Amino acid sequence: MKKYKVGIIGATGMVGQRFATILENHPWFEVVCLAASSRSAGKTYKEAAGDKWRIAEKMPESMENMIIKDATGDIAEIASMVDFVFCAVDMKKDEIKALEEAYAKAECPVVSNNSAHRGTPDVPMVVPEINADHIKVIDSQRKRLGTKRGFIAVKSNCSLQSYVPAIYPLDKKYGISEVLVCTYQAISGAGKNFDSWPEMIDNVIPYIGGEEEKSEQEPLKLWGRVDGDVIVNATKPAFTAQCIRVPVSDGHMGAVFMRFADGKKPSKQEIIDTWTSYAGRAQELELPSAPKQFLHYFTEDNMPQTKLNRQLEKGMAVSIGRLREDTQYDYKFVCLSHNTLRGAAGGAVLLAELLAAEGYMD
């Protein structure tokens, strides 16, 4: 595999910082460019982000003295320096859409952590273990954009990465009609830590703007299919969600209730066997960031726990536990993933690895 030169757009934010640490020693990708708002442009990464560094890992030494480019003003220059970019910017939705399309039209592929293009019909929203085949819609997107190399691909909402991976293989094997999920989401999902958000200490907020809509709608795109020039969303399973912010630094947990279709209710052991044996395209290709085992089931009643299990397989695996029959639904269980690794930057890096392995970055 060739070494790809990459840029991080939005490098000073929390997800951008996570991109930097993940990519520091990546076997396929080398960071050669960092970009942020015009306020940070011209400063070194250390000057621009040092006082706002919000994750436990240190800023990579190799990036400390990189000069920050203007994410909106230096598009042509950035595109000339890199093979593709990761995007994690804090802007209005329509501004993000325009920015990402500008990079794509400059023949620079974009792998985005942002939500702006998740609803665009010819932009693939991919979890590599679930719907890797959706990347083929990129050919149609390039025709629309008038590009040869440039395109946009996105990862899904971070909270979906905790519960959707557990539901998807069961639906494919047995059929699921309804899902109710309550997510308990870490403060890093809002780009915060306890120093920058002291109000979250000893507190729970029963509302995260836009999150419930994403949790109910985005799974249907993952379940969808490429039809002609677009991805057509699935119509089932039916999802309903409630999303809660909890005083946890990292790690989103979901409490899931599910009903199987047409009375096809598998046994508890059949469900566990489906989880533990499941693998996707990421495992088949042995991508560098892919967990060896995607789904891990814990038999202990008090597992998984956020603090103990969020780093499982370098934060890229999904932990599941407490599977049991329910009095109203067929089954219920809990699940957990690291929201800035599997859920955000790590998930985007894994998607970029998939795109590179399948030839879309060449």
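We count residues from 1, following the sequence as given. Computed from a prediction, not measured in an experiment: that's the story for all the values here.
Of the options Val110, Val154, Ile138, a side-chain contact (heavy atoms from CB on, under 4.5 Å) to Val123 is made by Val154 and by none of the others. With Met258 as reference, Ile176 is the one residue of Leu180, Asp171, Ile176 to meet the side-chain contact (heavy atoms from CB on, under 4.5 Å) rule.
The shortest distance between side-chain heavy atoms of Ile320 and Trp275 falls below 4.5 Å. Using a 4.5 Å heavy-atom threshold, the side chains of Arg281 and Leu285 count as touching.
For Lys265, the NZ atom counts as densely surrounded, since its 6.0 Å shell holds more than 12 non-hydrogen atoms of other residues, nucleotides or ligands. Atom CD of Glu286 sits in a sparse spot, with 12 or fewer heavy atoms from other residues, nucleotides or ligands closer than 6.0 Å.
For the atom pair OH of Tyr184 and CD1 of Ile244, the computed distance is 5.0 Å after rounding to the nearest 0.5 Å.
Looking at Lys155, its side chain does come within 3.5 Å of a backbone N or O of Gly343 through a donor-acceptor pair.
The cationic atom of Lys2 (NZ for Lys, CZ for Arg) lies less than 6.0 Å from the six-membered ring centre of Tyr4 and within 45° of the ring axis. Cation-pi geometry between Lys172 and Tyr278 is not met: the NZ or CZ atom fails to fall both under 6.0 Å from the ring centre and inside 45° of the normal.
Across all non-hydrogen atoms, the minimal contact from Gly321 to Pro304 is N-CD, 3.6 Å. Taking all atoms of both residues into account, the shortest heavy-atom contact from Met125 to Glu218 is CE-O, 3.3 Å.
The aromatic rings of Phe257 and Tyr329 are tilted relative to each other, their planes meeting at an angle between 30° and 60°. Relative orientation of the Phe86 and Phe84 rings is perpendicular, given thresholds of 30° and 60° on the angle between their planes.
Here ring-ring contact (aromatic ring centres under 6.0 Å, His included) pairs that include residues 113-139, with residues two or more places apart or in two chains, number zero.
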Trp223 vs Phe239, ring-ring contact (aromatic ring centres under 6.0 Å, His included): CA-CA, chis, key distance, verdict: CA-CA 12 Å; Trp223 257 259; Phe239 284 84; 5.6 Å; yes

Gln269/Ser267 under side-chain hydrogen bond (donor to acceptor under 3.5 Å, both in side chains): CA gap, chis, key distance, verdict: CA-CA 5 Å; Gln269 192 58 51; Ser267 69; over 6 Å; no

